[in-house]
Amino acid sequence: LKHRDLHEKEWREMLEKELPARVDSHPTFKNRMAALSCESYDAKKEETDPTYIAEQREIIVAADERMNEENEKHYDEIRKDAYLDRKKIIEEYEEAVKNGKEIPDNKLFEYIQAFFGIDDDIALQLADRASTLPNPTVANYYKANILFNRNDDGCIDLLKAIARSTDNMELAMSATEHLGEYALKTGNEELLNEYRRTTADIVQASRDKGERNRFGKNSTVTKCDIDDKALSEITGGIDDELLSKISEIYIGTFTDTDGKKHYPVAVRLKGRKITENYDVYQKLSEYLFGFNGKYDFILIPSYTRQFKKLINKVIEKGSCVHKK
């Protein structure tokens, strides 16, 4: 009931404004009210039928048991990823702020991800700063999501810009879908009509852009043009334990058809097991993601031989930035 009271205003707004999607199998609450000529409703009335209440409790118990069965298989891992790791990052940020330490640009996205959905005010504040970096797309995506969840029309222009500008197909599709969902849940018929009229062209343009700018075996790689100071900061920030499992790191420069620069990264790993190398790849990928506001790093998977030609191309044409 406390949860309902907390969200009552936004839920009422959605119930009373939501438009039906073309794929909906049932009418929306707004449609039902109109069909019944109903102008008001009591959202706080509680069920009194003991039989129905008993059935509800049985379903809740069954659902809890099913969830526990699924979660207990990987509970330690889930708890670490969803709680312990995020708690550690949040506490690190709070300690830095408390002591007046400057938050470096490459830590912004780690902090945004940690606070997102937990304290969106802080996440939005960090995303605002990250959006001033040369590549603001990911920061604006987080901003748009927060505003979307708040039913704030400020998300509309952000989502439109992301859908039209990014060559990340996954991000473009997500932004486009959010636009449609936002139009439906807020009852914005003008936006919904625009979404239905333009989505096919926007998605196709994103596909075409992604295809023509794809980094592949025929792409030209040159020496890394990131200045030495910035490179030193990037490689110097890699965790010592992670770096101990990497023998060499190479970074090249790839300029796509539209003139945007990307930085393919190839690594030679010390481990022989695929699982161990995959873990190194994941951690390095997460680390490099922190720099996406300035540099678009493309970390080539090195835990499988599938990308051997791409790795060799970067090693041959790029710059060695770490060797041990």
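The figures that follow rest on heavy atoms only: side chains count, while hydrogens, waters and symmetry mates do not. Bear in mind the structure is a predicted one, so any value in this text is a computation, not a measurement.
- N99 contributes no side-chain N or O that, together with a main-chain N or O of K101, makes up a donor-acceptor pair within less than 3.5 Å.
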- Query: Can L191 and T186 be said to form a side chain to side chain contact (heavy atoms under 4.5 Å, CB included), step by step?
  - Reply: CA-CA 10 Å; L191 178 61; T186 58; 5.7 Å; no

- Task: Please test V265 against Y250 for side chain to side chain contact (heavy atoms under 4.5 Å, CB included), starting from the C-alpha separation and ending with a verdict.
- Result: CA-CA 6 Å; V265 180; Y250 295 83; over 6 Å; no

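- Side-chain atoms of K185 and E13, non-hydrogen and from C-beta on, never get closer than 4.5 Å to each other.
- At most 12 heavy atoms of other shown residues, nucleotides or ligands fall within 6.0 angstrom of atom CD in E241.
- Residue S131 comes nearest to P136 through the heavy atom pair O-CB, 3.2 Å, listed as atom of the first residue, atom of the second, then distance.
- When side chains are defined from C-beta on, Y287 does not count as touching D239, because their heavy atoms never get closer than 4.5 Å.
- Separation of the F109 and F291 ring centroids does not fall under the 6.0 Å cut-off.
- Note: the hydrophobic cluster containing Y111 also contains I118 (ILVMFWY, side chain heavy atoms under 4.5 Å, direct or indirect links).
- T257 places no side-chain N or O within donor-acceptor distance of the main-chain N or O of N213, the cut-off being under 3.5 Å.
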- List the steps and the verdict of side chain to side chain donor-acceptor pair (under 3.5 Å) for E189 and N193. CA-CA 6 Å; E189 294 192 43; N193 290 333; 5.4 Å; no

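- The shortest heavy-atom contact between F254 and T220 is CD1-O, 3.7 Å.
- Using the six-membered ring where Trp is involved, F115 and Y93 have ring planes that are perpendicular, over 60° apart on the 30 and 60° scheme.
- Contact record, L192 with G180: CD1-O, 4.4 Å, taken as the closest heavy-atom pair.
- Transitive grouping of hydrophobic side chains (ILVMFWY, heavy atoms separated by less than 4.5 Å) keeps L159 and Y142 in distinct clusters.
- When the shell of 6.0 Å around CG of D240 is examined, it contains 12 or fewer heavy atoms from other residues, nucleotides or ligands.
- Although no hydrogens or angles enter the test, the distance criterion places no donor-acceptor pair under 3.5 Å between the side chain of K323 and the main chain of I249.
- Between Y182 and F148, the ring planes lie tilted relative to each other; the angle falls in the 30° to 60° range.
- Side chains of Y41 and M33 form a contact here, defined as non-hydrogen atoms less than 4.5 Å apart.
- In this structure, S232 contributes its side chain and K229 its backbone to no donor-acceptor pair below 3.5 Å.
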- Message: Checking K44 against E8 for the salt bridge (Lys or Arg N to Asp or Glu O under 4.0 Å) test, could you report, in this order, the C-alpha distance in whole Å, the side-chain angles of both residues, the deciding distance, and whether it holds?
- Response: CA-CA 10 Å; K44 296 188 176 181; E8 181 176 355; 3.7 Å; yes

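- With rounding to the nearest 0.5 angstrom, the NZ atom of K17 is 8.0 Å from the CG atom of N151.
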- Item | Test log, rule side chain to side chain contact (heavy atoms under 4.5 Å, CB included), inputs K261 and D296 | CA-CA 7 Å; K261 286 185 179 181; D296 182 28; over 6 Å; no

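- Put simply, the side chain of N145 reaches to within 4.5 Å of the side chain of H178, judged on heavy atoms.
- Inter-residue side-chain proximity for N188 and I156 is flagged as met; some heavy-atom pair is nearer than 4.5 Å.
- Using a distance-only test at 3.5 Å, with no hydrogens or angles considered, a donor-acceptor pair links the side chain of K313 to the main chain of S219.
- D258 contributes no side-chain N or O that, together with a main-chain N or O of K260, makes up a donor-acceptor pair within less than 3.5 Å.
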- Between V314 and F215, does a side chain to side chain contact (heavy atoms under 4.5 Å, CB included) hold up when you go through it step by step? CA-CA 11 Å; V314 176; F215 176 66; 4.2 Å; yes

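- Under a 3.5 Å cut-off, the side chain of N149 and the backbone N or O of I146 do not form any donor-acceptor pair.
- Remark: side-chain polar atoms of T28 are not paired, donor with acceptor, to backbone N or O of L19 under 3.5 angstrom.
- Between the D120 side chain and the A123 main chain, no donor and acceptor come within less than 3.5 Å of each other.
- Looking only at distances, no side-chain donor or acceptor of Y141 sits under 3.5 Å from a matching main-chain atom of S174.
- Residues K160 and E194 form a side-chain contact, since some pair of their non-hydrogen atoms from C-beta on lies under 4.5 Å apart.
- Within a 6.0 Å radius of NE2 in H7, more than 12 heavy atoms belonging to other residues, nucleotides or ligands are found.
- Considering only heavy atoms from C-beta on, P264 stays 4.5 Å or farther from I251 through its side chain.
- Around CG of D64, the count of heavy atoms belonging to other residues, nucleotides or ligands within 6.0 Å exceeds 12.
- Applying side chain to side chain donor-acceptor pair (under 3.5 Å) to K294 and the options D105, N106, N135 leaves one that passes, D105.
- R207 is listed as a side-chain neighbour of M169, based on a closest heavy-atom distance under 4.5 Å.
- Taking all atoms of both residues into account, the shortest heavy-atom contact from K209 to S165 is NZ-O, 2.6 Å.
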